[in-house]
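Here is the structure we will look at.
Here, residue 1 is the first one in the sequence, and each next residue gets the next number. Predicted model, so just to flag it, every value in this text is computed and none were measured.
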Amino acid sequence: MVVRKLLVANRGEIARRVFATCRALGVATVAVHSDADADAPYVAEADEAVRLPGNTPVETYLRIGSILDAARRTGADAVHPGYGFLAEHAGFAAAVTDAGLTWVGPPASAIAAMGDKLAAKALLAGVGVPMLPTWTDCDGITDFPVLVKASAGGGGRGMRIVRDPADLPAAVDSARREAAAAFGDDTVFIERYVERGRHVEVQIFGDTAGTVVALGERDCSIQRRHQKIVEEAPAVLPDGVRERLHAAAVAAGRAVDYVGAGTVEFLLAPNGEFFFLEMNTRLQVEHPVTEAVTGLDLVRLQLLVAEGAALPVATTPPIDGHAIEVRLCAEDPAQGFRPATGMLHRFAVPGVVGGFAPTRGLRLDSGVCTGSTVGVHYDSMLAKLVAWAPTRAEAARALAGALARAELHGVATNRDLLVRVLRSAEFGSAQVDTGFLDAHAEVFAPLLPADQLPVVALAAALACATARRADAPVLAGLPSGWRNVPAFPQVVRYAGRTGDEIEVRYRLDRAGGLVDWSTDPPLPPTDPPTPAVTLVTAAADRVLLDVAGVRRVFRVHRAGSAVFVDGPDGAAELTELPRFPLPRVALAVGSLLAPLPGTVTRVHVGVGQRVAAGDLLLTLEAMKLEHPVLAPTDGVVADLPVPTGGQVETGAVLAVVDPEEAPR
């Protein structure tokens, strides 16, 4: 059957990715969208779009009946699930085929066989795929550390590392809650945890003639919260391991008569042994690195196989060069990777040569653009940036450089962390494992050194003053900051993203030159002394400063009171504070505020209960993840204004802990 109109039952960058291949093949496209996604880029790029009323995934993208109704109303003859929950939902695959539509994915039987991870382990052990010791309850486990995992899903949700046997029951309970919320199934199991293990996966592809091929492997070891953030192909492997990995992955595919794109994931131990983790019966987020080194369009192969065609390759294709992908996410690594929301005032990455298709050079697959709003309902990933180069070192350097120069304004991201990882000596020598971030606290430091913030704030002040002067209704020709009494400086106060304030004072002469400047807090003492700064030029969007004889360019972008500065050492977001601030409502001492919008899923304490610093007070769920709210100090719980199930906005009071009532 030839696919003529394809509905993508997903959102964001994966929908855009599938649409790109459809356009190249001449296939019409249909998008489905929630209310929150009505203006998203993928909706605009589809030939037709159908609204799914509501915002949460459960009431929109996960409603099988609504998806099938959208296909019927638009005349779509095929459905692509993208990746995510429905991509590995055997019932959805069966419902699509029962409706007479072409399912672009593996058969429902293969999805069901691999969807139950415990059953999958038993099945594949029978065909010789290596396995880790596994338990289904807490009794009798003596081989610690262990890893608690959800049986019904992936993406790191429901996973907990446990090193102390006393912590295992609580970890299992927490994993069950998160698994139930994410997958509708709270079944978990426990595996032996391999220290310094690497996460290596094999891309397989099958067709209806029974051919199953390995299309190379990827190293996905660098992870946060058990979710991948850096992936590369090919993996750097010991001699002989690659062939055995590919053989085990192909055996797994053949065991379930696999058709379409799939990924068999393994844990590689330091001694070269490897063990089966899971099989993802779908296209993976990190598929672009495989496309880059093989030259294959994996979405095109999915469509051809779904139409009944044979795979164009019968063996592993030759691998050319090296590709590295990073997942750019709206989150704050310094705050435990807490997801971030808000508007993207600017989203620009330099040097991109293509997107959503195999590309040599720099590829950007993004679900957002300048002006997009990042909400709380969906995953925090904004985009994937991929670099291909002839060598691994060149790919890492190009990717880090593009990330460092990107203008990402309005939402906190993990950009600085990714750059530091790519530039680290350990990554450069391929010394990576799944505990990389835990072992390298230095990669969490912002790119912009703290001692450079005063110069950045000065650049912001000069650019903003220039912009205001240009917009002035009268006397616009006067130099920026000019005044009749030049002895008094211009004064501007800014707050950083963490709330720290900095005050900039500067004086300009009648020709617009910088006479002197200072900050409060004062400039840190340096040896040699702080270098002299000279203003070369100042425009509303660009300031050129001479710092000790070195000219430095600062790009400045203002959005309301927010000022974004991108300089040679890194980026900063500052908020210009009013000269005469209005009084604010005082919060009760000990108030704990919601860091982002979400739902209180569990309250662990009661009013009047004594707590110690670090005790778990309640759990907030946002962007599909649980966020613990901990007591900041010893004290007594004075108020719990939000009940279980309550919805909160950023800044809402979640709890009040009175420190004055703490026991002595």
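- With Leu654 as the partner, the side chain to side chain contact (heavy atoms under 4.5 Å, CB included) test is satisfied by one option alone out of Val648, Leu593, Leu617: Val648.
- Remark: Arg392 is positioned above the aromatic ring of Phe427, its terminal NZ or CZ atom under 6.0 angstrom from the ring centre and at most 45 degrees off the axis.
- Other residues, nucleotides and ligands contribute at most 12 non-hydrogen atoms within 6.0 Å of the CG atom of Asp239.
- Taking a cutoff of 4.0 Å between a charged side-chain nitrogen and a carboxylate oxygen, Lys228 and Glu201 qualify as a salt bridge.
- A heavy-atom distance below 4.5 Å is not found between the side chains of Leu453 and Asp500.
- Note: Lys149 NZ to Leu147 CG = 6.0 Å, rounded to the nearest 0.5 Å.
- Salt bridge Glu325/Arg218: absent, no basic N to carboxylate O contact under 4.0 Å.
- Between Glu442 and Arg420, no side-chain nitrogen of the basic residue sits less than 4.0 Å from a carboxylate oxygen of the acidic one, so the salt-bridge criterion is not met.
- Cys220 approaches Glu286 most closely through the heavy-atom pair SG-OE2, 3.9 Å.
- When only modelled atom types and interatomic distance are considered, Asp615 and His604 share no side-chain donor-acceptor pair under 3.5 Å.
- Using modelled atom types, one side-chain atom of Ser366 and one backbone atom of Val368 make a donor-acceptor pair closer than 3.5 Å.
- Of the possible donor and acceptor atoms, one in the side chain of Asn414 sits under 3.5 Å from a partner among the backbone N and O of Cys329.
- Closest non-hydrogen pair, Pro568 versus Arg552, comes out as CG-NH2, 3.6 Å.
- When only modelled atom types and interatomic distance are considered, Glu573 and His409 share no side-chain donor-acceptor pair under 3.5 Å.
- The main-chain N or O of Ser429 is found under 3.5 Å from a side-chain atom of Gln431 such that the two form a donor-acceptor pair.
- When side chains are defined from C-beta on, Val386 does not count as touching Glu291, because their heavy atoms never get closer than 4.5 Å.
- Interatomic distance, Leu385 CG to Leu399 CG, rounded to the nearest 0.5 Å: 5.0 Å.
- For the residue pair Thr619/Arg177, the side-chain donor-acceptor check at 3.5 Å is not satisfied.
- For the residue pair Gln223 and His199, a side-chain donor N or O sits within less than 3.5 Å of a side-chain acceptor on the partner.
- The pair Asp379-Arg11 does not count as a salt bridge, with every side-chain nitrogen at least 4.0 angstrom from each carboxylate oxygen.
- Checked for salt-bridge contact, Glu231 and Arg327 meet the test: a charged N lies under 4.0 Å from a carboxylate O.
- Phe564 and His345 have tilted rings, their planes meeting at an angle from 30° to 60° on a 0 to 90° scale.
- Heavy atoms of other residues, nucleotides or ligands lying less than 6.0 angstrom from CZ of Arg196 number 12 at most.
- Under a 3.5 Å cut-off, the side chain of Arg555 and the backbone N or O of Glu407 do not form any donor-acceptor pair.
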